Every structure is written in structure tokens, then in C-alpha cells.
Amino acid sequence: MDCVYIVEDDQNIREIETFALKNSGYHVLGFETANEFFKAVNTRIPDLVILDIMLPDEDGLAVLKKLRGRPDTRRLPVMLVTAKQQEIDKVKGFDLGADDYMTKPFGVMEMIARVKALLRRSKGESGEKILSLGPVTLDGEKRQATVEGHPVELTFKEYELLQLLLRNQGIVLSRDQIMDRVWDGYEGESRTLDMHIKSLRQKLGEASGMIRTVRNVGYMAEWEEQQPE
């Protein structure tokens with residue numbers, strides 16, 4: 001049974017989310033503060049976290065940053081929830097490594113669908129076990145990326161993005177296609193895709209040229225032995 005942690009200071013919302021997820025077959029624990037949440041994480045790491053941004057003791061974005069800074073929770077799926085509606089809040093969340101984002105108020109069925117999608121992707125239920133292009137290799141079982149045999153630490157979203165590009169190497173993927181596959185169709189004038197591409201290229205180092213920008217369309221993965229500077 002998958003375990004979901006809910007970090008939400010509003011008791012009514014927390015209880016509704018908990019009830020809905022339990023009825024869908026999940027083991028659920030709810031926390032009012034970031035401090036309570038981290039105590040639980042140190043005991044057991046969940047399969048997914050639903051994290052409110054506005055918490056009484058610590059900003060949810062700061063909590064997310066801490067999770068992404070720990071080796072044991074670096075790839076833990078995190079869905080942010082907030083009453084804020086500004087585009088910049090979503091951009092900040094995705095930039096810090098959030099895997100999904102919901103704005104209050106939202107429907108319970110939508111929340112459950114998003115939880116299922118995140119858990120499905122995090123377990124890598126589909127796709128090849130090994131993907132490679134040039135010096136870059138992805139091991140689906142270990143969820144490990146390497147460049148010329150050397151491990152590269154990627155966030156959950158960076159890994160998903162690279163995996164999508166490698167599965168479609170030589171094919172131009174539009175921005176909408178990428179957002180639909182990696183960010184569950186997140187809409188809006190967001191810089192999140194460009195920021196993740198930039199970060200991914202930096203981590204790939206000399207192999208960064210494999211990610212090609214196709215102007216006014218999107219991106220593609222392609223490798224040539226002799227690449228331009």
C-alpha cells in the first residue's frame with residue numbers, strides 16, 4: 001500500500017484530503033507543521049507528499065528545497081498545494097523540483113488522479129530499462145543517469161525530462177507535448193521547461209549538446225560524434 005504524507009495546516013482541508021485518499025486505498029498521515037512532517041520523514045519516507053506552501057512554522061517552498069537537498073528524498077514525488085495564484089509561485093515551485101501543482105480550491109477527484117499519475121511515473125511502470133544516446137545512459141531500474149559511466153545527480157523532473165527526450169531521440173517534441181508528458185499538462189506562460197532544460201544541460205556537461213533547441217517548436221535529443229562548440 002502506497003504511503004502519502006499530507007502537510008496542511010488547515011484541519012478541514014487536511015481531513016478531506018486524508019479521507020479521500022484513504023478511500024482510494026492509500027495509507028495516509030497528515031501533519032500541521034513542517035516540524036512534525038520532518039520528524040515523520042526521518043522515521044519513514046513516504047511514496048508521495050502533498051505539501052501546502054503556507055505553513056505556520058516554515059514556508060512550503062523551503063520544505064521542498066530541504067527535501068531536494070537530502071539524498072534519501074531527492075526524488076520523492078512532491079505535489080504543491082496553495083491558495084496563491086500568481087504565475088511566479090508556480091515557477092518557483094517547479095524550479096525547486098516540485099512534480100505537480102494544484103491551486104485551491106480543487107476537486108477531490110482531480111487530486112486523486114494527480115496522485116495516481118505521480119506514483120505511476122515515480123515507479124517507472126512503462127518504458128525501456130536502459131536508454132542511451134552517445135555518452136549518456138539512463139538505468140530505469142536504478143533511476144540513475146550516467147555520462148561516460150559517471151553518475152549524474154538529477155531531480156525527479158530532470159530525470160523524467162531526459163527520459164522523455166531519450167525515448168524519442170531524433171524526434172522533435174513540441175513544448176506542449178513535453179509539458180503534457182512531464183508536467184501533466186500544466187498550462188501557463190511559465191519558464192519552468194526552459195529552466196529545467198538549462199539545468200539538465202549544465203549537469204550533462206560536455207554531453208549537453210545532445211539536447212537540441214528547435215526554434216519556435218521545442219526540443220529534441222540527438223547525438224553527433226563531432227559536435228560544434
Side-chain angles (χ1 to χ4, degrees), residues 3-18 20-21 26 28-108 110-112 114-115 117-119 121-122 153-161 179 182-184 186-200 202-203:
C3 178
V4 178
Y5 284 180
I6 298 173
V7 192
E8 168 64 65
D9 63 326
D10 188 309
Q11 182 177 351
N12 290 332
I13 295 177
R14 190 171 65 248
E15 289 179 351
I16 291 172
E17 293 175 342
T18 299
L21 288 169
Y26 298 103
V28 185
L29 292 178
F31 308 95
E32 184 177 358
T33 66
N35 183 53
E36 295 173 350
F37 165 69
F38 277 113
K39 286 182 179 178
V41 169
N42 290 334
T43 301
R44 176 184 177 182
I45 297 174
D47 297 289
L48 181 142
V49 176
I50 298 176
L51 174 63
D52 186 41
I53 289 183
M54 303 298 291
L55 297 173
D57 59 339
E58 188 170 3
D59 183 85
L61 294 177
V63 173
L64 175 60
K65 188 174 182 179
K66 287 182 179 179
L67 290 174
R68 293 298 178 245
R70 289 175 47 158
D72 56 347
T73 58
R74 183 168 297 167
R75 295 187 177 88
L76 174 63
V78 176
M79 180 165 59
L80 290 178
V81 177
T82 180
K84 293 184 176 181
Q85 297 184 13
Q86 291 91 347
E87 180 75 11
I88 189 62
D89 294 315
K90 297 181 181 181
V91 173
K92 286 180 180 178
F94 283 131
D95 189 35
L96 288 172
D99 302 295
D100 202 355
Y101 196 111
M102 287 198 304
T103 302
K104 299 175 185 175
F106 54 84
V108 170
E110 177 189 358
M111 177 194 69
I112 293 173
R114 289 179 177 272
V115 165
L118 281 181
L119 289 171
R121 289 207 308 271
S122 69
E153 289 293 337
L154 302 179
T155 65
F156 183 83
K157 281 301 183 187
E158 288 168 350
Y159 183 93
E160 291 287 306
L161 178 56
M179 295 301 290
V182 180
W183 280 275
D184 281 338
Y186 166 71
E187 297 179 354
E189 294 300 322
S190 168
R191 296 180 295 113
T192 186
L193 174 56
D194 298 320
M195 290 187 295
H196 278 77
I197 289 287
K198 180 180 179 181
S199 175
L200 188 53
Q202 290 175 341
K203 292 183 179 182

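Quick caveat, the model's predicted, so the values are computed rather than measured.
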- Task: Determine, step by step, whether E153 and R75 satisfy the salt bridge (Lys or Arg N to Asp or Glu O under 4.0 Å) criterion, reporting the C-alpha distance in whole Å, the side-chain angles of both residues, the deciding distance to 0.1 Å, and the verdict.
- Result: CA-CA 10 Å; E153 289 293 337; R75 295 187 177 88; 3.8 Å; yes
To the nearest 0.5 Å, tell me how far [X] [atom1] sits from [Y] [atom2].
{"X": "M79", "Y": "L64", "atom1": "CE", "atom2": "CG", "answer": "13.0 Å"}
{"X": "E8", "Y": "I53", "atom1": "CD", "atom2": "CD1", "answer": "11.0 Å"}
{"X": "I13", "Y": "I6", "atom1": "CD1", "atom2": "CD1", "answer": "11.0 Å"}
{"X": "M102", "Y": "I50", "atom1": "CE", "atom2": "CD1", "answer": "6.0 Å"}
{"X": "E15", "Y": "T18", "atom1": "CD", "atom2": "OG1", "answer": "7.5 Å"}
{"X": "K65", "Y": "E58", "atom1": "NZ", "atom2": "CD", "answer": "11.0 Å"}

Where [X] and [Y] come nearest, the two heavy atoms and their spacing:
{"X": "R74", "Y": "G69", "result": "NH2-O, 4.0 Å"}
{"X": "P56", "Y": "T33", "result": "CG-CG2, 3.9 Å"}
{"X": "D72", "Y": "I45", "result": "O-CD1, 3.4 Å"}
{"X": "C3", "Y": "P46", "result": "O-CB, 3.6 Å"}
{"X": "D47", "Y": "L119", "result": "O-CD2, 3.6 Å"}

For the pair [X] (side chain) and [Y] (backbone), establish whether a donor and an acceptor sit closer than 3.5 Å, ignoring hydrogens and angles.
{"X": "K157", "Y": "D99", "result": "yes"}
{"X": "D100", "Y": "R114", "result": "no"}
{"X": "R68", "Y": "T73", "result": "yes"}
{"X": "D52", "Y": "V7", "result": "no"}
{"X": "E36", "Y": "E32", "result": "yes"}
{"X": "D57", "Y": "A34", "result": "yes"}

- Query: With a 4.5 Å heavy-atom cut-off, do D9 and M54 have their side chains touching?
  - Reply: no
- Message: Less than 4.5 Å apart, side chain to side chain, heavy atoms only: is that true for L193 and F94?
- Response: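 No. Closest side-chain heavy atoms not under 4.5 Å.
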- Report the C-alpha distance between F156 and V182 in whole Å, list the side-chain angles of each, state the deciding distance to 0.1 Å, and finish with yes or no for side-chain contact (heavy atoms from CB on, under 4.5 Å). CA-CA 10 Å; F156 183 83; V182 180; over 6 Å; no
- Message: Assess the residue pair E17 and V28 against the criterion (side-chain contact (heavy atoms from CB on, under 4.5 Å)); give the C-alpha distance rounded to whole Å, side-chain angles, the decisive distance to 0.1 Å, and a yes or no.
- Response: CA-CA 9 Å; E17 293 175 342; V28 185; over 6 Å; no
- Message: Can you tell me how the ring of F37 sits relative to the ring of Y5, calling it parallel under 30°, perpendicular over 60° and tilted otherwise?
- Response: perpendicular
